[in-house]
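Worksheet: the structure to be examined is printed underneath.
The structure displayed is predicted, hence computed values, not measured ones. In each ligand, atom 1 is the first atom listed, and ligand 1 is the first ligand listed.
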Amino acid sequence: MPEASHVIPYGVLFLFFLLSTFICTNHACKEADHNSLLSSFDISSYRLNWSSSDCCHWEGIACDAGGRVTHVSLPSNRLQGSISRSLGSLTHLSHLNLSHNLLSGPLEAGLFLSSSRLEILDLSYNILSGKLPLFLSSSYIQIVDLSNNQFNATIPSSFLQHAWNLSSLNVSKNHLTGQIPSSLCIRSSSIRVLDFSNNDFNGSIPLGLGNCLKLETFRAGFNTLSGTLPSDLYKAQALHEISLPSNLLFGHISDNIVNLTSLTILEIYYNHLSGTLPLHIGKLSKLKLMLLHLNNLEGHLPPSLMNCTNLIELNLGFNHFDGNISELNFSQLDQLIKLDLVSNHFAGAMPKSLYSCKHLKAIRLSGNDLEGQIQPEIVSLKYLSFLSLGRNRLTNVTGAIHLLMRLESLRVVVLSNSFLGEELPDGDAMIGSGFQNLHLFSLSNCQLRGHIPVWMSKLKKLRVLGLSSNILTGSIPPWLGSLPSLFVIILDNNLLSGGLPKELFSLQALVSDKPSAQTDSGDVELPIYARPQNGSVTSLQYNYLSNLPPSISFRNNSLSGNIPIEIGRLQNLHHLDLSINNIDGSIPDQVSKLTNLEKLDLSRNHLSGGIPASLSSLHFLASLSVAYNNLQGRVPLGTQLQGFDATAYEGNPGLCGSPLPNKCQQMNTSDNRNEIPWLYISVTLGFIVGFWGVCGPLALSTSWRFAYFQFLSDVKDRFVC
Ligand SMILES: *[C@@H]1O[C@H](CO)[C@@H](O)[C@H](O)[C@H]1NC(C)=O
Ligand SMILES: *[C@@H]1O[C@H](CO)[C@@H](O)[C@H](O)[C@H]1NC(C)=O
Ligand SMILES: *[C@@H]1O[C@H](CO)[C@@H](O)[C@H](O)[C@H]1NC(C)=O
Ligand SMILES: *[C@@H]1O[C@H](CO)[C@@H](O)[C@H](O)[C@H]1NC(C)=O
Ligand SMILES: *[C@@H]1O[C@H](CO)[C@@H](O)[C@H](O)[C@H]1NC(C)=O
Ligand SMILES: *[C@@H]1O[C@H](CO)[C@@H](O)[C@H](O)[C@H]1NC(C)=O
Ligand SMILES: *[C@@H]1O[C@H](CO)[C@@H](O)[C@H](O)[C@H]1NC(C)=O
Ligand SMILES: *[C@@H]1O[C@H](CO)[C@@H](O)[C@H](O)[C@H]1NC(C)=O
């Protein structure tokens, strides 16, 4: 009997044991974890499939054999609110991925205190803010991605204190301040990725990177880091990528950089680096991207640079490099796709060896001291899409255009400020013989003689035409109005005469208010720099042609006749400048239909009559001048028109009323209540609006990898085409 009484309990125990192993191998969720999850996420508001009674089967959740939650992976689930402290009680959590949600608020202190097994923490692409936690308690942590949030304090020095096995830290795109943490690699020798870019970090880059023997990617661009490149950076021999653009770094690039033989990306553009390129830079034979533009680098390019045979993009623009460029042998750079040497002091002829870089899509050598002619061998560059050679001393524009017409891929051609005093080639033989993909053609500031050539009438894809500051005579050809894509025409400072052809006012791309349609893959291989045409010293950078303001500018010619009423059709026009001509008649009411107009300059003509009150419906108008005409009557009362400076109206003896000093005789003049708000709007818009100029000092920089543009006003004396 005692035997039997023992058998049953043993049997029950055995059964219980069997059952429990069965449950365990099925990861039945531990209640504590179940409850932590439920109190961490408000499932009623999300479409999470958390219906099963076993939380280990819930969407995004995984457990270990003991039924403890190890993975919480809920990216892109539109999760909102703050990250609940209860998550911290999942003591076995190793993977937490809540990226691409709408989580906000600070990370509560202590959230990760008991998460001692955390290996992967991905909270990127949320709107988390405030400080980072004092430290992550897990010594297993490998990946920390907090990028794309709004964290805005310094990184506590204790933050990764226990992170012996850290391999990747990404805090890019936040508002973090203070210094980049030093000595990360002293604790963890396995770091491969460090990304501090797009924050407000300041101070210098700390010493200590030399201990990062496995570091492959180091990014800290778009901060305000100063000081020199730390000397032990060159000991991190595994480095593939050094990316430090848009900081305040100065000093030299050390010769020791050639020790980093794995380097494929070197981008330190838009800093204050000085000195020469390391003599043996050619040892970096894996380099693909070398972006060092917008610095103060100088001297000759070392011949060994041409041993970097894997280069895809070389940008050394806006520096002080010199030397005879035709002595460099580019022929080994057969992977090269983009070459930008804009605004340096290179002399000599176009290097012929460049024409053997068959993959080239973009060449910009403008703003140097090149001379001679474009050689016939250029026609072997079948993929060339972007060619900018302006601001040099090239000759033979006729030969240049005939050759370039044979390059079928060409979309952007800028040849401004060269070919002084030559004749712009024309002739029936040229009609329809090339440039069929041309989107932008600029041949400004060349003092070229001739007419607007007829071959241009066949450039069906032409969107932007700049021929200002030449000595072109004749009239504005009516066929210009039939180019279906044209939306920017700049013909300033020529001797063009005759009337404004009516056909111009049916320009398809300007008539419709739709964003310039059809061919809009609209990006350009290199950004275009353009200066507002108001004498401003700063330029804007355009990564897409479609971002250029739709413009017609015929300033300073000898145009005559009236402004036709058909002008009202150009709904998409942003800038209209007809100043300094001989235009007469009145300002047609229809101008007020150009509702996108930001700039209107009709000054220095012979316009008469009154200022149409309807002009006040141009709500975007930020710049207006009708000065020096024969306009009469009152500046329309109580409208935005009174918000402009008196200089907008001066030189019209018959004009009166605010903002002009002379009061109108017959009526009361007290009504100027709208003046202040409109002035404010004008000024605000004035800072936003750019204008397509020809060659302007540069004020901007970005990487081709960041598709946005930024307005920086502190870089002067940098000329672009
Ligand atoms: C919800 O998850 C369970 C597993 O726990 C699965 O069987 C079921 O098909 C899922 N339902 C939906 C709608 O995805
Ligand atoms: C987090 O999930 C996203 C989306 O599935 C994924 O792209 C990302 O790589 C994950 N993060 C980590 C660190 O694995
Ligand atoms: C670090 O990683 C190594 C190898 O992956 C492993 O053996 C070790 O246990 C890890 N140490 C910690 C503290 O996670
Ligand atoms: C860091 O995260 C950002 C996104 O927030 C991503 O674009 C970037 O590539 C990441 N850095 C590295 C080195 O992977
Ligand atoms: C370029 O590389 C070749 C082969 O490695 C070498 O012989 C030559 O000296 C190098 N040229 C320069 C200028 O460093
Ligand atoms: C201009 O260039 C063309 C094409 O390269 C060439 O045939 C012609 O001889 C050149 N003219 C002069 C004057 O050098
Ligand atoms: C008008 O253009 C001529 C060249 O055609 C130039 O010399 C003159 O300075 C320009 N005048 C103004 C006011 O821009
Ligand atoms: C020119 O225009 C730009 C942008 O529209 C504006 O920021 C700048 O102040 C203007 N400069 C002058 C000299 O009017």
Within this structure, what is the [atom1]-[atom2] distance for the pair [X] and [Y], rounded to the nearest 0.5 Å?
X    : Y    : atom1 : atom2 : result
H95  : T70  : NE2   : OG1   : 8.0 Å
N199 : F222 : CG    : CZ    : 12.5 Å
R192 : E216 : CZ    : CD    : 5.5 Å
L266 : L292 : CG    : CG    : 5.0 Å

Seminar exercise, completed: Only one of I205, N256, L239 passes side chain to side chain contact (heavy atoms under 4.5 Å, CB included) with L233, and that residue is L239
Problem set entry | Side chain to side chain, I265 and H240, heavy atoms closer than 4.5 Å |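 SC-SC contact between I265 and H240 ruled out.
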Seminar exercise, completed: Near H57 (heavy-atom distance under 4.0 Å), the atoms of ligand 1 are 5 (O)
Numbering the atoms of ligand 4 from 1, which are under 4.0 Å from a heavy atom of [X]?
X    : value
N170 : 1 (C), 2 (O), 3 (C), 8 (C), 10 (C), 11 (N), 12 (C)
N148 : 4 (C), 5 (O)
V193 : 13 (C)
R219 : 8 (C), 9 (O), 11 (N), 12 (C), 13 (C)
S147 : 2 (O), 3 (C), 4 (C), 5 (O)
Y125 : 4 (C), 5 (O)

At what distance is the nearest protein heavy atom to [atom], and which residue and atom is it?
atom                    : answer
atom 5 (O) of ligand 2  : P75 CG, 3.7 Å
atom 9 (O) of ligand 1  : N49 ND2, 4.7 Å
atom 10 (C) of ligand 2 : N97 ND2, 2.4 Å
atom 11 (N) of ligand 2 : D122 OD2, 2.7 Å

Does the protein place any heavy atom closer than 4.0 Å to [atom]?
atom                    : result
atom 14 (O) of ligand 1 : yes
atom 7 (O) of ligand 2  : no
atom 2 (O) of ligand 2  : yes

For this session: Indicate the atoms forming the closest heavy-atom contact of D334 with H359, along with that distance.
Result: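 Smallest heavy-atom distance, with atoms named: O-ND1, 2.8 Å.
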Problem set entry | Any I120 heavy atom less than 4.0 Å from ligand 2 |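 Right, I120 reaches ligand 2.
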Exercise. Does S172 come within less than 4.0 Å of ligand 4, judged by its heavy atoms?
Worked result: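 Yes, S172 has heavy atoms under 4.0 Å from ligand 4.
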Problem set entry | Derivation and outcome, ring-ring contact (aromatic ring centres under 6.0 Å, His included), residues Y269 and H293 | CA-CA 5 Å; Y269 60 87; H293 48 295; 4.5 Å; yes
For this session: State whether the SG distance for the cysteine pair C29/C56 is less than 2.5 Å.
Result: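 The sulfur gammas are not closer than 2.5 Å, so no.
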Exercise. Do Y125 and H100 have ring centres separated by under 6.0 Å?
Worked result: yes
Exercise. Should D195 be counted as touching ligand 4, given the test is an N or O pair under 3.5 Å?
Worked result: yes
Exercise. Do D33 and R68 meet the salt-bridge criterion of a basic N to acidic O distance under 4.0 Å?
Worked result: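 Yes, charged N to carboxylate O under 4.0 Å.
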